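The figures here come from the full heavy-atom set of this structure, side chains too, leaving out hydrogens, waters and symmetry mates. Treat the numbers as computed from the prediction; the structure is a model and nothing was measured. Letters go in sequence order (proteins before strands), and every chain restarts at 1.
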Amino acid sequence: MEEGQTEDGGENIMQEAAEHSVIYESLDPRVVHIWRISNIIGSLLMMIPVLIGGLGFYMGIPATRPWVLVVVLTSGVIAFYRVFIQPARYYKSWGFRLDDKVLEMKSGLLFRSLRLLPLSRLQHVDLRRGPLERWFGLASLAFHTAGTQHSTLILPGLAEKEALRLRDLLVAKGGDDGV
Amino acid sequence: MMESEPNRPGNPPPPSPVQPPPLPVPPPLPVIPTSVTATPLEERRLHPSTIGFAFWGALRGLLIPLVFFAVVGAKNGVWFFVVVFGGLPLAMTLVKYYTFTYRLDPTELVTKGGVFEKTERHIPLERIQDLRFEQGVLHRFFGMVEVHVETAGGQGAEASLSVLSRNEAEKLRAAVFVAKPGATRTTPVGSIEVPAGPVTLHEVTFKDLLVAGLTSNQTASILILIFAMWGLVDDFVPDSVANKHLATIRSFFEDIFMHRDKISWIPIVAGAIGLFLIGTVFSVIGAIVLFHGFKLSRDGEDLHRSYGLITRRSSSLPRRRIQVVKVHESFVRRWLGYAVIKADTAGGIGTNNQNNNGRDVLVPLIPKEKAESLLPEFFPNFGENLGEWKKVHPCAVPRGTVMGVLFYMVVAAILVGIWKFWVLAIVIMLVMPPLVYLGNLRSYQQLGYRKNEYDFVTRQGWLGRSTQLVPIRNVQVVAVEEGPLDRILGVKRLRVDTAGQAFTGGGPSLENVPASEVETLARSLSRAAADMRYRW
C-alpha cells in the first residue's frame, strides 16, 4: 500500500510524521547571486525615479516633505530587503524531489506552494538559460503540461550538467500521453 | 535430427504444447473509408450569402451612430462614421469572402485565407474538441449556419466558417465526428447491427427556465451593463452636452445629500425595488431567449446540446474531451433543489465575461437528483466504489471562528476609537461572532472529497455549494498552496489543475484543508494520476 492511499475510510494522521521527514534537494547555491543581481537592477530601477521625484517634491513643495520622506524610506527598506535579505531566504524556501512517478517542487516565502507533477503528464521539457544564468553556469528547466494554471512549471537554479541530466531523465520517463 | 514421437496405439495423442492465452488485442480502430460516410470536400469558399449577412451587419453597425447624430445634431463627422462603421466592415468581409477557402481532406480540415499574408491552417479532425453551430433569426430564415471549430489550446475557435448552408454544415459535422479515433462504433462498419441513435438525456422545460431567470445573479451585471453603456455614450456625445447632463445629475445627488434628513426614504427604497424587479425581468427574459428548448442528448460518445429561441445554437462534444465537470447550486437554487452543470474541455477560452452564450453549461438548470444521475453519462465508470464523503479535520472550525471574531473586534475598536460609533460597535460584536461560527461550521460541513481509482470529487461552499468532478486521468498538476493567513490557521489549499478551466472557474480545489492531511492527499492524487494515461 503506497503512502497516502487508504482502502477504508480515514486518512491516517500518524502519516503526517512521515511526511515531515520528506527530503528535498536544494537548488545550486549560485542561483542566489543571480537573484541578487537581478534584484539589484530592479531596486535601482525603482529607487532612481523615487529619489529624483522625491528630491523634486522636497525642494519644490515643502508641504509634502513628510510624505516624501515616508515614501523614500519605505522604498529604501524594500530595496534593502530585496538585495540583502530576500535572495538567501528565497533560496532556502526552494526544494524539489523526483521519485519514480512524481516530480515535486516547493517554493515561496509569504505565499508558499508545493507543486506535484505526475511524470506521465509531462508533455515536454525546455532548457532555458538567461544571460545571468549563462555567466554563472546555471540553467532552468521548464516543464510543460496540458494544464491551465500550471501549464508550465519552472525549476530554476540548476547547474548546467544537472539540468541536462534531469531533462534527459525526465524526457525518458515522461508521458506518451496525449496520443 | 529430431524424431517425432511414434504414435503408438493405446497412447493418447501427445498434448499440444500449451499456448499462452493470446494477449488481448484492442479492437482495431474502425477504418471507415471516407467514401462511405464522408466525402472529402474540395476546396470551396463560404456560402455567397456571407456577403448579404455582412451587409446587414454593416447596416446594424451604422444604426447606433446615426441615432446619436439624429439626437445630438453634429453634422461634421457623419460621413466619417458612415465609412468607419458601415463601409469598412463591408469591404473587409467582401475581401475575406473572396480570399477565404476551406476544404475537407480525409484526416484534416484545411482553411486558407488572408490578403497580403496568406495563412493555411491544418486542423486534424481527431483534434477537434467541439463543433458549434449558431443560427440567428436571419440565418434560420435563409437556412445558413455559422460553424465554429474548437480544438485544444484554449484560444477559442480555431476556425470559424461563417456562413455555410445547413447542408454543408451537417456534412462537415458528420465527417468530423466519424473520423475520430476510438469513435463510437463498437460494431464494424458494414455489420448488420444498427448503432443506437441519440439518447435524450435531459430537456429543460419552460418552468425550469423561469426558475433559472428568477434565481440568477444577473441583476447586478445588468446594472453594470447600463453603467458601461453610459460610458460608451461619452465617446459619441460632444463634451458640452455630456457635461450639461452630468451637472444636472450631480446637482440632483447633491440636493438629496443636503436634504437627507428631510427626504423620505420610501421613494428611494421603492426605486431600488423597482430596479431589482426590472433586473429580474431582464434575466428571466434572458434565460428564456438563451436557453429555450435546451436539449442534451448523447449519441454514442458524443454529447449534443441544442438551445436558443432567437439564435439557435448547437454543439457537439465528444464526452471524453470533458476535463472536469462542476455541479453548482447557488444559495437560492439549492433551497429550491436545482443545480447547474458546467463542463470544461481542453478548448475552453478563458473569458471572464458572463456572455459566452451558454457554451459553458452542459445543463442550465436541472433538479439536483437528476444532475447526479447524469454524471455517469459524462464519465463512464463514474460512481462505482466511490465511498462516502471524506471530511477534512474539524480543527478549521474553531480556528476560523477565532480569526473571524478577532477581525471584527478590530473593526469595532476602530469604530469606537475614531468615530465613536458605540452602538454600531456593540451591534457588530453581538451579531457577527455567532455568524462567523456558523459560517465556519457550515463551510466545514460542506467541505469534503471522495476518491476512487478513477475519479476525484470535491465539494465546498457554505451558502451555495459546488461539486467538482475530475477523472483522475485528467488530473495534470496537483498544487498545495498557503498564504500567510493559512499558515496562521494551520491550513492549506489543494488545487487540481486540468486542461481546461474556463467555465468551471479554476479547477477542483479544496480550501481550509488542515496542513497535516493535505500533502498526503496531494501525493496520493498525483501518484494515482501518474499511473493513468491522459488522452486528448
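Summarising the local packing, CZ of Phe57(A) is surrounded by 12 or fewer heavy atoms from other residues, nucleotides or ligands at distances under 6.0 Å. Environment of NZ in Lys92(A): sparse, with no more than 12 heavy atoms of neighbouring residues, nucleotides or ligands closer than 6.0 Å. Within a 6.0 Å sphere centred on CZ of Arg89(A), heavy atoms belonging to other residues, nucleotides or ligands number 12 at most.
If you measure heavy-atom distances from Arg493(B) to chain A, you find no contacts under 4.5 Å at all. Both the backbone and the side chain of Glu482(B) come within less than 4.5 Å of a heavy atom of chain A. When heavy atoms are compared at a cutoff of 4.5 Å, Leu103(A) does not approach chain B at all. Only the backbone of Val475(B) comes within contact range of chain A, with heavy atoms under 4.5 Å apart.
Taking every heavy atom of both residues into account, Gly483(B) and Phe111(A) meet most closely at CA-CD2, 3.6 Å. Across every non-hydrogen atom of Pro118(A) and Ala529(B), the tightest pair is CG-CB, 3.8 Å. Among all heavy-atom pairs drawn from Arg121(A) and Arg473(B), the shortest one is NH2-O, 3.1 Å.
When each of Val477(B), Asp497(B), Val478(B) is checked for a side chain to side chain contact (heavy atoms under 4.5 Å, CB included) with Leu117(A), only Val477(B) meets the rule. Here the options are Leu122(A), Thr145(A), Thr148(A), the test is side chain to side chain contact (heavy atoms under 4.5 Å, CB included), and the partner is Gln476(B); only Thr145(A) passes.
The closest donor-acceptor contact from the side chain of Ser113(A) to the backbone of Glu481(B) lies at 3.5 Å or more, if one exists at all.
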Task: Steps toward side chain to side chain contact (heavy atoms under 4.5 Å, CB included) verdict (Arg487(B), Arg112(A)) - done: CA-CA 9 Å; Arg487(B) 258 199 302 284; Arg112(A) 301 183 195 159; 3.2 Å; yes
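Counting heavy-atom pairs closer than 4.5 Å to chain A, the top residue among Asp486(B), Val480(B), Val518(B), Leu525(B) is Val480(B).
Considering only heavy atoms from C-beta on, Arg523(B) comes within 4.5 Å of Leu114(A) through its side chain. For the pair Arg495(B)/Gln149(A), a side-chain contact is recorded, criterion being any heavy-atom separation below 4.5 Å from C-beta on.
Ion pair Asp99(A)/Arg527(B) flagged as a salt bridge, since at least one NZ, NE, NH1 or NH2 atom sits closer than 4.0 Å to an Asp/Glu carboxylate oxygen.
Rounding to the nearest 0.5 Å places CD of Glu104(A) at 6.5 Å from OG of Ser526(B).
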